[in-house]
Amino acid sequence: MSEQTSQSETYLKPLPQKDALSAPFWDALHAHELKIQRCADCSRYAFPPVSHCPGCLSTQLAWTAVSGKGKVQAAVTVDHAPMPAFKADVPYNVALVDLAEGVRVWTNVIGCAPAEVVCDMPVEAVFEDVTPDHTLLKFRPAR
Amino acid sequence: MSKRAALSGKYAIVGVSELPVGKFPDQTTLGLHVEATRLALLDAGLKNTDIDGIISHQPRFDPMRDYTLLIAKASGITPTYMTDISSSGEAPVFMAQQAMLAIEAGLCETVLCVHARKGATREGPANVEIREGYDEYFTPYGIAGGIITHAFMASRHMHEFGTTRAQLGAVSVAARKHALLNPNAMMKKPMTIADHAASRPIAQPLHLFDCSLPADGGGAYIVMRIERARAMKNTPVVILGTGKHHVHANLANAPSLTTLGGKVSSQQAFEMAGLKPADMDFAQFYDCFSITTIGAIEDYGFCAKGEGGPFVENGRIEIGGELPVNTHGGLLSQGHIEGMMHVTEAIRQLRHEVEAARQVKNAQLGVVSGHGGHLSSHASLILGRDTR
Ligand SMILES: [Zn+2]
């Protein structure tokens, strides 16, 4: 068994599930880049990943590097973990972050205490390698 | 008159049932549906063979294909109109609109709307539950379930409008007071604002006493044309207004976390009925969490957006107050049957048949909200006591 496999197996939290639609998103994160689909026909960004632009139904969607800058739309401190694998982490922050490009992601704001994360706070993307094969998009207070 | 308004008052509810709300490990979900059906037929004075339309809501736990057909066949019903609704907590409210339309279209004459669930004891093969959708984008971050979804709503509402924990508490306390007047409610102990404040945090800003109670139970109601309804044994409860609206499907695509689809769905219902919020004698607002009620009070036009917090204070939403809300105890203190009990309570209030202590005096008109999914599914229903 390779070291990589054993590390992935001991990580008990849900991992990103790559499919045909989402693989470019997760692969970009693994390369420590944030890419979001952008419609070539109407310029809208879309997230979560889509097969068709929800605005104009175009299939011409280009994975586009974005700034990673955003603002907290809503912030919650989890004290009672909704899944057993997160029990050891409480209290932890969960947040909705609105990216400057106009899409919103589910995430954790790290690098400060959960209670310090407040609505409209400026944040920036950080890439957390949770296993050798999987990277999550998290945010920290903007510097 | 709009096409929608022309339907106002043409259809009525003639039978209603409520199962005990609690924990019933010995019952099956399908069996609860059939029992709710039997009791609604009994209440209406109808036989199973009188029903030719049936609407149910795909259960979240232990879902099965063609669920409505399973209920129909287990209940001895051979429908000419049948549909499965899968829109979570708005379904029991939405059913009334579907029933009305099916009869209006000539597809059937007598429609059973039924919903039951085993939210407390569950059953069936382990962990068979309808997937939320987009789970893979939030579960890696420790995000799952309705509590965090509504905690996001509360976070934003408190930030934008200064809504306080004590105002959330006023919603939970009112629900508890009403539950204590309802023999069919799970919660039997009083709650104070201090108890609410001291309850343990779950997903802050929400604490335990902001959350609804997982429960087993169910209910049903039967819809027919008003002319036929007037020949039945109960006072008809008339469908005056219905509405439905969806703005987003997941929180990433929600244009607002504080103004939801209920704003438009309630406008549709009030316009159809030719009524306004001030005309209502009570409201049954879907209350999966305390914040949901505050948002609905605003979206339904009982106060301006952002003023829901102050609105719920000082007993205004308690029985005897300006707008009694969730007179049965709601999901917060009666138990979570996904809003079916909000509809059945509205019907029974308008029939003037609930226990005297929680009967809204001379109740003539009431509004019911349905709310579900990721703040995403909304249906509205305005009912009235038949005045003829
Ligand atoms: Zn487009």
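Lettering of chains follows the sequences in order, A, B, ..., and the numbering in each one begins at 1.
For A/Phe86 against B/Gly142, the heavy-atom pair with the smallest separation is CZ-N, 3.1 Å.
Between the side chain of A/Arg104 and the main chain of B/Ala254, a donor-acceptor pair closer than 3.5 Å is present. A donor-acceptor pair under 3.5 Å is formed between the side chain of B/Asn253 and the backbone N or O of A/Phe47.
Distance check: B/Leu257 CG to A/Gln73 CD gives 4.5 Å after rounding to the nearest 0.5 Å. The line from CZ of B/Arg200 to CG of A/Asp79 is 9.5 Å long, rounded to the nearest 0.5 Å. The CG atom of A/Leu15 sits 9.0 Å away from the OG1 atom of B/Thr139 when rounded to the nearest 0.5 Å. One distance of note links OH of A/Tyr92 with CD1 of B/Ile143; it measures 7.5 Å at 0.5 Å rounding.
Atom NZ of B/Lys263 has 12 or fewer heavy atoms from other residues, nucleotides or ligands within 6.0 Å. Around NZ of B/Lys188, the count of heavy atoms belonging to other residues, nucleotides or ligands within 6.0 Å exceeds 12. Heavy-atom neighbours of A/Lys13 NZ from other residues, nucleotides or ligands within 6.0 Å: above the threshold of 12. Atom NZ of B/Lys305 has more than 12 neighbouring heavy atoms from other residues, nucleotides or ligands inside a 6.0 Å radius.
Contacts of residues 149-168 of chain B with chain A at a heavy-atom distance below 4.5 Å involve B/Ala151, B/Phe152, B/Ser155, B/Arg156, B/His159, listed in sequence order.
With contacts defined as side-chain heavy-atom distances shorter than 4.5 Å, the pair A/Pro82/B/Ile148 qualifies.
Proximity to chain B is limited to the backbone of A/Val72, based on heavy atoms less than 4.5 angstrom apart. Both the backbone and the side chain of A/Val76 have a heavy atom closer than 4.5 Å to some heavy atom of chain B.
Residues satisfying the ring-ring contact (aromatic ring centres under 6.0 Å, His included) criterion with B/Tyr300, sequence neighbours excluded, are B/Phe285. Applying the salt bridge (charged side-chain N to carboxylate O under 4.0 Å, His left out) test to A/Glu101 and every residue at least two apart in sequence or in another chain returns nothing.
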Check residues 20-28 of chain A and write down every donor-acceptor pair under 3.5 Å in which the side-chain atom is one partner and the other belongs to a residue at least two apart or another chain.
residue, atom, partner, partner atom, Å
A/Ser22, OG, A/Gln17, O, 3.4
A/Ser22, OG, A/Asp19, N, 3.0
A/Ser22, OG, A/Asp19, OD1, 3.0
A/Asp27, OD1, A/Lys18, NZ, 2.6

Fill in: Test log, rule side chain to side chain contact (heavy atoms under 4.5 Å, CB included), inputs A/Leu137 and B/Tyr141
CA-CA 9 Å; A/Leu137 170 64; B/Tyr141 300 98; 3.6 Å; yes

